[in-house]
S.K.: 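Please see the structure below; I have some questions.
In this text the structure is predicted, and so the values were computed from the model without any measurement.
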Number of protein chains: 2
Amino acid sequence: MQDCTHGDPLCQNADMDDRKSVEPPHPAQDVTEHVGYRLKRAAAALRGAMDKALREHGLTVPQYACLELLDQQPGLSNAELARGTFVTRQSMNVVLRGLQDAGLISRPATTDHGRALPAHLTAEGRGRLDAARSTVYDIERQMVEAVPQRRLAALLSDLDRMAAALGG
Amino acid sequence: MQDCTHGDPLCQNADMDDRKSVEPPHPAQDVTEHVGYRLKRAAAALRGAMDKALREHGLTVPQYACLELLDQQPGLSNAELARGTFVTRQSMNVVLRGLQDAGLISRPATTDHGRALPAHLTAEGRGRLDAARSTVYDIERQMVEAVPQRRLAALLSDLDRMAAALGG
DNA sequence: TTGCTAATGTCAGGACTTTGACATGCAGGA
DNA sequence: TCCTGCATGTCAAAGTCCTGACATTAGCAA
C-alpha cells in the first residue's frame with residue numbers, strides 16, 4: 001500500500017489503514033491526514049512551482065493570474081479581477097498598478113458611466129503572457145499527469161464542492 | 001464577470017489531453033477549468049474560513065498550524081515547524097516569537113547539543129488550541145461532507161500525488 | 001586535526017496581502 | 001426629488017511572507 005508520500009519527518013503514524021476504515025465524521029488523529037493539510041500542501045507546492053517559473057519571466061503569481069484573466073475576458077475591472085484571483089480589491093489594485101507601470105496593461109483614467117475602470121492587455125502584456133503561459137502549462141501538465149486520468153473530473157468536482165461548502 | 005458554475009459533474013471531458021474540447025459557452029481554454037485554478041480556489045476558501053474562525057480565538061492560521069503540530073509532536077524545532085506548515089524558516093521564526101510572546105509556547109534559550117531549539121506548548125497554549133480546534137474541525141467536516149465519502153481517500157491521494165509531482 | 005558540507009537560527013530589506021476607512025457613482029424605493 | 005443601500009476605487013497602516021545573507025553547529029572524510 002502507499003506509504004507516507006510527504007518526505008518530512010512529520011509523518012510518524014503507522015496506522016494509516018486503521019484510520020481509513022474509521023474515516024467518517026470523526027477527524028483523524030494526525031493533522032497530516034486532514035483534508036485541509038493536504039489541500040494546503042498541494043496549493044503550496046503549486047504556488048512554489050509557479051513562483052519559481054514565473055520569476056524568470058519577471059512576473060509574480062497574482063500578476064500572471066491577472067494577465068490570464070484579462071486575456072480571456074478583456075475589460076474586467078479591478079474588483080472583478082480581485083474576485084477572480086481570490087484576493088482583495090486592495091491587493092489587486094497594487095498588482096494592477098505594477099502591471100500598468102510595467103506597460104503590460106492599460107486602464108483609462110476615467111469613465112463616462114460608473115466607477116469601474118476596464119483593464120486591457122497591451123501588446124507587450126500579451127507577449128509576456130504568451131511567454132509565461134507555456135511554463136505554467138508545463139507545471140499544470142505535471143500535476144494532471146500525476147493523478148489517474150479517470151479520476152481527474154472527480155477531483156475537479158470535489159475541489160469545487162469543497163470550495164462551495166466553505167462559501168468560496 | 002460571468003461565473004461559470006462548474007459545480008455539476010457534467011463538466012467532465014473524457015479526453016484529458018485535449019483541453020480545448022467541450023464547453024459550449026467558451027470554445028477555447030478557460031482558466032477556470034484548470035486544475036491549478038480550482039486548487040487555488042479551494043485553498044483560498046479554506047484559508048478564508050479558517051481565518052475568520054480563528055480570529056475569534058486570537059490566532060492566525062500559521063499560528064494555529066504551529067500549535068497543532070506542536071501538540072502532536074512536542075519538541076519540534078523552528079525549521080521543522082516551517083517545513084510542516086509550508087513556510088520558510090524566517091516566517092516561522094516570526095510566528096514562534098509571536099506565540100512565545102503570547103505565552104502559548106515555550107522554547108529554551110540555549111541547548112547543549114546542536115542549534116535546534118525544541119518548542120513545547122504551555123498549558124495556556126494547549127487550552128487555546130483546544131478551544132480553536134473545535135471550530136477548525138467544524139470547517140474540516142464541512143469540507144469532507146461536501147465530497148462523496150467513497151471518493152475521499154482518492155482525493156487525499158491525488159492531492160498528495162500532485163504535490164509530490166511538483167516537488168512539494 | 002583539518003576542512004568541507006549540510007542544517008539551523010537569525011537579521012535586514014523588500015514585496016505582498018490584509019483590515020479599516022473614506023469618497024465616488026449607480027439603482028432602488030419612500 | 002431625496003436618500004438609503006450597494007458596489008467600486010483608493011489611501012493608510014499593519015501584518016505576513018519571502019529572498020538574501022551571515023554566523024553557529026554537527027557530521028563526515030581526508
S.K.: At under 4.0 Å between heavy atoms, how does the protein contact nucleotides 6-13 of chain C? Give one character per nucleotide, 5' to 3', with B, S or -.
M.R.: --BBBB--

S.K.: Going by side chain to side chain donor-acceptor pair (under 3.5 Å), name the pairs with one or both residues in residues 98-117 of chain A, residues two or more places apart or in two chains.
M.R.: none

S.K.: Figure out the NE2/P separation between A:H113 and C:dG25, and round it to whole Å.
M.R.: 12 Å

S.K.: With heavy-atom distances below 4.5 Å as the criterion, would you say the side chains of B:L59 and B:R128 are in contact?
M.R.: yes

S.K.: Taking CE from A:M92 and C1' from D:dC11, how many angstroms apart are they, rounded to a whole number?
M.R.: 18 Å

S.K.: Can you tell me the distance, in whole Å, between the NZ atom of B:K52 and the P atom of C:dT19?
M.R.: 12 Å

S.K.: Looking at A:I105 and A:L121, what are the two nearest heavy atoms and their distance?
M.R.: CG2-CD2, 4.1 Å

S.K.: Who are the side chain to side chain contact (heavy atoms under 4.5 Å, CB included) partners of B:A165, not counting sequence neighbours?
M.R.: A:A146

S.K.: Apply side chain to side chain contact (heavy atoms under 4.5 Å, CB included) to A:V95 and list each qualifying residue two or more places apart in sequence or on a separate chain.
M.R.: A:P62, A:Q63, A:C66, A:M92, A:L99

S.K.: Please report, rounded to the nearest Å, how far the P atom of D:dT8 is from the CG atom of A:L81.
M.R.: 11 Å

S.K.: Given atom CZ of A:R47 and atom P of C:dC16, what is their separation to the nearest angstrom?
M.R.: 10 Å

S.K.: Does B:T88 put a side-chain nitrogen or oxygen below 4.0 Å from OP1 or OP2 of D:dC17?
M.R.: no

S.K.: Does B:R126 have any salt bridge (Lys or Arg N to Asp or Glu O under 4.0 Å) partners at least two apart in sequence or in another chain, and if so, which?
M.R.: B:D71

S.K.: Starting at CG of A:L54 and ending at P of D:dT19, how long is that distance when rounded to a whole Å?
M.R.: 13 Å

S.K.: Whole Å only: how far is the NZ atom of A:K40 from the C1' atom of D:dT16?
M.R.: 12 Å

S.K.: Partners of A:R151 by salt bridge (Lys or Arg N to Asp or Glu O under 4.0 Å), sequence neighbours excluded?
M.R.: B:D158

S.K.: OP1 or OP2 of D:dT16 versus the side-chain N and O atoms of B:S91: is any pair under 4.0 Å?
M.R.: no

S.K.: Rounded to whole Å, please give me the gap between CG in A:D51 and P in D:dG20.
M.R.: 11 Å

S.K.: Return whichever of B:R55 or A:D112 has its heavy-atom-nearest nucleotide of DNA chain C closer to the 5' end.
M.R.: B:R55

